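Worksheet for the structure shown next.
Letters A, B, ... mirror the listed sequences (proteins, then strands); counts begin at 1. Hydrogens, waters and symmetry mates are skipped; everything else that's a heavy atom, side chains included, is used. Note that the structure is predicted; figures quoted are calculated from it, not measured.
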Amino acid sequence: MPNSVITRFAPSPTGFLHIGGARTALFNWLYAKHTGGKFLLRIEDTDQKRSTDDAIDAIYEGLSWLGLDWDDEALSQHARLKRHQAVAQDLLSNGLAYKCYCSPEELQDMRQIAKAEGRTRLYDGRWRDRDPSDAPTGVEPVIRLKTPLQGETVIGDVIQGEVRVSNEQLDDIVLLRADGSPTYMLAVVVDDHDMKISHVIRGDDHLTNAFRQVQIYNALNWNLPVFAHMPLLHGTDGAKLSKRHGALGVEAYRSMGILPEAMNNYLLRLGWSHGDDEIISQDHAIRWFDVKDVGRAASRFDMEKLTSVNGYYIRHADVDYLVSLILPIIQKNFKGKLADQGVDRLKNGMVSLRERAKNILELAENATFYALPRPISYDAKATKLLAGSAVAVLEELRSAFLNLQDWVQTELEIVVNDHALATEAKLGKIAQPLRAAVTGRTVSPGIFEILEILGKDEVLGRLDDAIEAHTT
RNA sequence: GACCCCUUCGUCUAGUCAGGCCUAGGACUCCAGAUUUUCAUUCUGGCAACACGGGUUCGAAUCCCGUAGGGGUCACCA
């Protein structure tokens, strides 16, 4: 059976797509692409109280931003309630499951005793073989799976290897709650089976759940999917990333100016590698990625490395793409006040600009002087630089520029250099005030490039503005 | 606590399956230097690790055992 690989990402709608979930989704997506299979999305919204449309949208948006498109319609687990119930009923009528009438208090006590005695098996199976006529009236039972008492349950995990646990450790799990809703354990198994999921790739916090799920598969006499439990992503402190730990949603990184390509690349390198390769294009990722190569150790999330990868992607990104990303930011910051030639200037200056930014926010900030109309504002350092004798320098430059016919970088450089020689000043002494006058800042791309892109009229105008603003 | 998983520079990792090519390689960070009109890029160099203890072997980061540390899971949550 060629092309039988079907993977899935099954997040619960908690309000955002967090970074660990994004990595899980990425690995599932890559594996599907690598094998020419399908990647499906299922929303685990069994708990209706906790899932909202907004939360579901956040997942869609997060995945879309990362470019992790899914095949077919996203499936809502909740919509499959009837099927889950039917499966539980089958199990019940086949004698593979039973009704349990324990009260929450009873269970609580049982658990305490079991823990005190150091046992893992928390439920003692007291209703397992009890006569149904003993059932108390007025109590809705839960349905529990009759799990094997002896032997062991084994998982051949692609990442973790063979993991086995004694069945004595596993108690009879609840399949259907008293209100008739399925538990997560039942729902995943039924859904994964019905969706024909071939590979279950998920965080290894599910590894111990997998044993219980295997028991459900076995009771149903269904084929097992291939399991791949990938190590968790940890925070800088080494603990599991969680909301409490300040784990952020992918949209938070987006608003920090991280590029989705960089995010994917960074996430991919956490727990997986291809020799010494650091920058891996999506094409290569698809070609090279295989779940079996995922490591078993958890890794920590490192913002500095992400930032560095992000810088690389910005430096190598397409000019128009970058302009389209920063334009809305600049317009938002300055209320749409854009110079007529603003966009052209941004495009012309972008190659130099992109080498100087670690993220899109910074890029937008550094590019602003191109986009805004006169008069520009000066930051504190620029203001300081323009005080005193700088005005005289600007005036001299202004008249030198005035006569320049061929307004190109090389010519401009000659003019400024000549001026430096004539006044026996160091180039820096002249270039810095010029930079401050023209960009409003002390840091920018090469000054001659800027002069050319801005154009003669604009430069002369900005010099006038600066002279006027700083003449005392 | 019980069960399961993990352990190479501060971090991500190569090397571990098929022991010698490893005086352990790369990347990020940091430091120094070169380039330079500022900043950045780029380039060069540097600091820095096989958790520990036993074995097996001519030889172990690699195999075995133990210890320590870290993580995960133990719900009528997902």
Side-chain angles (χ1 to χ4, degrees), chain A residues 10-14 44-47 49-51 77 100 102 104 107-108 111 114-123 140-144 155 157 159-161 163-166 168-171 173-179 181-185 187-188 203-211 229 231-232 234 236 238-240 266 269-279 295-309 311 315 352-358 366 381 385 413 416-417 420 426-432 434-436 439 441-448:
Chain A
S12 48
T14 53
E44 309 258 291
D45 53 356
T46 305
D47 189 349
K49 290 182 295 263
R50 292 205 307 193
S51 54
Q77 187 160 63
C100 166
C102 284
L107 256 14
Q108 185 74 30
R111 243 174 259 139
K115 286 206 173 183
E117 292 176 0
R119 283 183 287 118
T120 306
R121 186 179 210 132
L122 269 17
Y123 173 69
E140 284 303 318
V142 298
I143 294 180
R144 285 183 187 270
I155 293 174
D157 193 284
I159 296 171
Q160 303 293 334
V163 187
R164 49 183 67 225
V165 71
S166 162
E168 287 164 26
Q169 306 291 339
L170 275 15
D171 53 15
I173 51 163
V174 173
L175 263 18
L176 229 48
R177 302 191 187 99
D179 66 1
S181 65
T183 59
Y184 162 76
M185 292 295 173
V188 248
D204 74 8
D205 49 340
H206 287 283
L207 184 59
T208 45
N209 289 333
F211 292 105
H229 288 96
L232 260 21
H234 286 175
T236 340
K240 181 186 179 182
Y266 175 70
R269 285 286 289 98
L270 255 29
W272 178 88
S273 66
H274 182 267
D276 284 339
D277 292 314
E278 297 288 345
I279 299 297
R296 280 192 270 201
S299 41
R300 303 183 186 207
F301 185 82
D302 180 14
M303 191 63 202
E304 289 191 328
K305 182 122 183 199
L306 206 211
T307 302
S308 145
V309 173
R315 265 174 268 136
S352 302
L353 246 17
R354 69 183 176 189
E355 286 189 2
R356 295 168 165 77
K358 294 283 182 215
N366 294 346
K381 284 183 186 167
L385 194 62
E413 191 162 355
V416 175
N417 270 319
K426 282 199 144 187
L427 189 49
K429 284 287 176 194
I430 299 170
Q432 277 307 86
L434 182 55
R435 186 190 315 281
T439 70
R441 313 178 54 172
T442 54
V443 171
S444 80
I447 186 65
F448 304 115

note: A/L176, atom CG; B/rC76, atom P; distance rounded to Å ~ 13 Å

Pair of N/O donor and acceptor under 3.5 Å linking B/rU37 base with A/R435 side chain: yes

Across the strands shown, which category fits A/F448 at heavy-atom distances under 4.0 angstrom: base, sugar-phosphate, nothing? base

Do side-chain atoms of A/R435 reach the backbone of A/P445 as a donor and acceptor pair under 3.5 angstrom? yes

Suppose we define a pair by two distances each less than 3.5 Å, Watson-Crick or G-U wobble; what does B/rG69 pair with here? B/rC6

May I have the step-by-step check of side chain to side chain contact (heavy atoms under 4.5 Å, CB included) for A/K381 and A/V443, ending in yes or no? CA-CA 10 Å; A/K381 284 183 186 167; A/V443 171; over 6 Å; no

Counting only side-chain N and O atoms of A/K358, is one of them less than 4.0 Å from OP1 or OP2 of B/rC28? no

Using a heavy-atom cut-off of under 4.0 Å over every strand shown, decide if A/D179 touches base, sugar-phosphate, or nothing. nothing

Between B/rA75, B/rU38, B/rC28, which nucleotide gets closest to the side-chain atoms of A/R111? B/rA75

Once you apply a heavy-atom cut-off of 4.0 Å, does A/H206 come out as touching a base, just sugar-phosphate, or nothing? base

Whole-Å gap separating P (B/rC5) and CG (A/L207): 8 Å

A/F301 CZ to B/rC12 P: how many Å, rounded? 12 Å

A/S273 side chain vs A/R269 backbone, donor-acceptor pair below 3.5 Å: no

With rounding to the closest Å, how many angstrom separate the P atoms on B/rG46 and B/rA27? 12 Å

Roughly how many Å apart are B/rC64 and B/rU56, using the P atom of each and rounding to a whole number? 15 Å

A/S12 side chain reached by A/Y184 side chain, heavy atoms, under 4.5 Å: no

Would you mind pulling out the nucleotide paired to B/rC74, Watson-Crick or G-U wobble, both distances under 3.5 Å? B/rG1

When we call it a touch if two heavy atoms are under 4.0 Å apart, what does A/C102 touch: a base, just sugar-phosphate, or nothing? base

Length of the line joining A/L232:CG and B/rG71:P, which is rounded to integer Å: 12 Å

Spacing between A/D204 atom CG and B/rC5 atom C1', to the nearest angstrom: 7 Å

For a side chain to side chain contact (heavy atoms under 4.5 Å, CB included) check, start with the C-alpha distance between A/L385 and A/T442, then their side-chain angles and the critical distance, and finish with the verdict. CA-CA 8 Å; A/L385 194 62; A/T442 54; 4.1 Å; yes

Please confirm whether the backbone N or O of A/S308 pairs with a side-chain atom of A/Y266, one donor and one acceptor, at under 3.5 Å? no

Under 3.5 Å donor-acceptor pair, A/K115 side-chain atoms to B/rA2 base atoms: no

Considering only heavy atoms and no angle criterion, is a donor-acceptor pair shorter than 3.5 Å present between the side chain of A/D277 and the base of B/rA27? no

Across every strand shown, the nucleotide meeting Watson-Crick or G-U wobble geometry with B/rU56 (both distances under 3.5 Å) is none

Give me the distance, rounded to whole Å, that separates B/rU23 from B/rC5 when you measure between the C1' atoms they each carry. 34 Å

If you assign each of A/S308 and A/Y266 to its closest nucleotide in RNA chain B, which residue comes earlier from the 5' end? A/Y266

So A/R315, base contact, sugar-phosphate only, or nothing? Heavy-atom distance under 4.0 Å. sugar-phosphate

Taking the side chain of A/T208 as heavy atoms from C-beta outward, which of B/rG72, B/rA78, B/rU38 is closest to it? B/rG72

Base, sugar-phosphate, or nothing for A/G311, non-hydrogen atoms under 4.0 angstrom? nothing

Distance check, C1' atoms only: B/rG72 and B/rA32, in whole angstrom units. 43 Å

As a test of reading the structure: which of B/rU73, B/rU29, B/rU38 is closest to the side chain of A/D205, going by heavy atoms? B/rU73

Counterpart base for B/rU62, defined by Watson-Crick or G-U wobble contacts under 3.5 Å: none

Side-chain heavy atoms of A/F301 within contact of A/L306, under 4.5 Å: yes

Could you check whether the side chain of A/R296 and the base of B/rC6 have a donor-acceptor pair of N or O atoms closer than 3.5 Å, going by distance alone? no

Could you tell me whether A/R144 contacts a base, only the sugar-phosphate backbone, or nothing, with contacts defined as non-hydrogen atoms closer than 4.0 Å? sugar-phosphate

Would the distance check show the side chain of A/R300 and the main-chain N or O of A/T236 forming a donor-acceptor pair, the cut-off being under 3.5 Å? yes

Nearest-Å distance for atom pair NZ/C1', residues A/K305 and B/rC28: 5 Å

Under a 3.5 Å limit on both distances, the Watson-Crick or wobble mate of B/rU35 is none

Go ahead and name the base partner of B/rA24; Watson-Crick or wobble counts if both distances stay under 3.5 Å, otherwise write none. none

What's the closest nucleotide to the A/D302 side chain, out of B/rU37, B/rC5, B/rU11? B/rU11

Just call it for A/P231: base, sugar-phosphate, or nothing, with non-hydrogen atoms closer than 4.0 Å on any strand. nothing

Name the nucleic acid region contacted by A/V142, choosing base, sugar-phosphate or nothing; use a 4.0 angstrom heavy-atom cut-off, strictly under. base

Rounding to a whole Å, what distance do you find between A/H234:NE2 and B/rC5:P? 16 Å

For the pair made of CG in A/N209 and C1' in B/rA78, what is the distance, rounded to whole Å? 9 Å

Before giving the answer on side chain to side chain contact (heavy atoms under 4.5 Å, CB included), spell out for A/F211 and A/Q169 the whole-Å C-alpha distance, their side-chain angles and the decisive distance to 0.1 Å. CA-CA 10 Å; A/F211 292 105; A/Q169 306 291 339; over 6 Å; no

Base, sugar-phosphate, or nothing: which does A/T442 touch, judged by heavy atoms less than 4.0 Å apart? base

Could you write out each protein N or O paired with an N or O of nucleotides 13-15 of chain B at a distance under 3.5 Å?
unit_1: B/rU13; atom_1: OP1; unit_2: A/G271; atom_2: N; d: 2.2
unit_1: B/rU13; atom_1: OP1; unit_2: A/S299; atom_2: OG; d: 3.4
unit_1: B/rU13; atom_1: O3'; unit_2: A/S273; atom_2: OG; d: 3.2
unit_1: B/rA14; atom_1: OP1; unit_2: A/S273; atom_2: OG; d: 3.0

Judged by each residue's nearest nucleotide on RNA chain B, which is more toward the 5′ side, A/R356 or A/P141? A/R356

Look only at the side chain of A/R315 and the backbone of A/E355, and say whether a donor-acceptor pair between them is shorter than 3.5 Å. no

Could you walk me through whether A/R296 and A/Q160 satisfy the side chain to side chain contact (heavy atoms under 4.5 Å, CB included) test, starting with their C-alpha distance in whole Å, then the side-chain angles of each, then the deciding distance to 0.1 Å, before giving a yes or no? CA-CA 6 Å; A/R296 280 192 270 201; A/Q160 303 293 334; 3.6 Å; yes

